[in-house]
Amino acid sequence: MKREFAVIGLGRFGGSICRELSNEGMEVLAIDIEEEKVSEFKNIASHAVIADTTDEKVLIELGIRNIDHVIVAIGDNIQASILTTLMLKELGINKITVKAQNDYHEKVLNKIGADQVVHPERDMGKRIAHSIISNNILDHLELSDDHSIVEVKAGKKMSGKTLVELDIRAKYGCNVVAIKQEKEINVSPMATELIHENDILIVIGADKDISRFEKHLVVDDED
Ligand code: ADP
């Protein structure tokens with residue numbers, strides 16, 4: 001199924017979204033104020049146009065109203081990002097995703113009705129920080145302000161024990177939703193499942209519970 005997207009701002013972030021959507025066979029209208037950026041995407045996106053999206057007339061002429069989902073990836077120019085989002089909102093775009101540059105920018109975007117505000121540098125920083133804390137924390141994905149999913153590698157503390165013996169739910173209040181063992185993935189594992197060193201556990205829970213779980217069972221003493 002082809003869906004229509006527009007990506008405004010073809011810097012590193014917008015450019016990467018544009019490439020990926022196009023690779024997945026989606027119809028993408030790529031827009032940037034700079035000719036150089038636009039020519040880079042001529043052979044990648046379905047259409048690539050030079051335009052200043054802070055001008056409502058320009059947006060209307062581009063036929064943006066027919067597009068289902070618009071991604072605003074204007075970087076440093078916060079004013080242009082906010083103005084563009086406001087125009088898109090007024091034109092009745094169904095779904096607007098905007099990249100925020102900082103927390104104030106994010107607040108304004110939420111206030112003016114952006115459907116999804118992303119903060120890639122901050123979120124990636126958080127994910128990498130968690131993996132730096134321990135060699136055994138492989139990934140960390142925020143579900144909300146206080147809940148996450150983490151991917152952890154079982155170390156010596158968990159090895160050779162079953163989920164019942166580890167008692168993760170009762171002791172730490174989080175749930176093991178899947179276990180990856182070599183190429184197999186075991187979703188909703190049984191309580192009697194035996195954990196081996198280097199198995200990968202996918203755990204969901206409140207951040208404070210996950211952090212206790214990490215401290216006691218994941219971070220090996222030599223980390
Ligand atoms: P990143 O941090 O993702 O690399 P950049 O700041 O480099 O972001 O990229 C933002 C892009 O947005 C630039 O290519 C810039 O030309 C484009 N841009 C800035 N203002 C406008 C505007 N008013 N209309 C359309 N594109 C814009």
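Counting convention: from 1, in listed order, for ligands and their atoms alike. A quick note: this is a predicted structure, and the numbers were derived from the prediction, not measured.
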Atoms of ligand 1 less than 4.0 Å from [X] heavy atoms?
X: Ala73; value: 10 (C)
X: Glu34; value: 16 (O)
X: Asp76; value: 6 (O)
X: Lys99; value: 1 (P), 2 (O), 3 (O)

Around [atom], find the nearest protein heavy atom and jot down its residue, atom name and distance.
atom: atom 10 (C) of ligand 1; value: Gly75 N, 3.3 Å
atom: atom 3 (O) of ligand 1; value: Phe13 N, 3.0 Å
atom: atom 18 (N) of ligand 1; value: Ile33 CG2, 3.9 Å
atom: atom 25 (C) of ligand 1; value: Ala51 O, 3.3 Å
atom: atom 11 (C) of ligand 1; value: Asp32 OD2, 3.6 Å
atom: atom 9 (O) of ligand 1; value: Gly11 CA, 3.4 Å

Lys/Arg-Asp/Glu bridge criterion (N-O < 4.0 Å) met for [X], [Y]:
X: Arg12; Y: Glu121; answer: no
X: Glu193; Y: Lys161; answer: no
X: Asp139; Y: Arg127; answer: yes
X: Arg212; Y: Asp209; answer: yes
X: Asp146; Y: Lys208; answer: no

Decide whether an N or O pair under 3.5 Å exists between [X] and ligand 1.
X: Gly14; answer: no
X: Thr54; answer: no
X: Gly9; answer: no
X: Asp52; answer: yes
X: Asn77; answer: no

Is the number of heavy atoms from other residues, nucleotides or ligands under 6.0 Å of [X] [atom1] greater than 12?
X: Lys107; atom1: NZ; answer: no
X: Gln116; atom1: CD; answer: yes
X: Asn23; atom1: CG; answer: yes

| query | So how far is it from Ile67 CD1 to Lys95 NZ, rounded to the nearest 0.5 Å? | reply | 15.5 Å

| remark: Honestly, for Arg12 the part within reach of ligand 1 (heavy atoms, under 4.0 Å) is both

| Angle class for the His140/His130 ring planes (parallel below 30°, perpendicular above 60°, tilted otherwise)? | parallel

| field | Non-hydrogen atom of Thr53 closer than 4.0 Å to ligand 1 | value | yes

| field | Gly15 to ligand 1, any heavy atom closer than 4.0 Å | value | no

| request: Could you verify whether a donor N or O on one side chain and an acceptor N or O on the other, from Asn102 and His105, lie under 3.5 Å apart? | output: no

| message | Assess, by modelled atom type and distance only, whether the side chains of Gln181 and Asn186 contain a donor and an acceptor separated by less than 3.5 Å. | response | no

| Option of least heavy-atom distance to atom 21 (C) of ligand 1 (set: Leu10, Ile74, Leu83) | Ile74

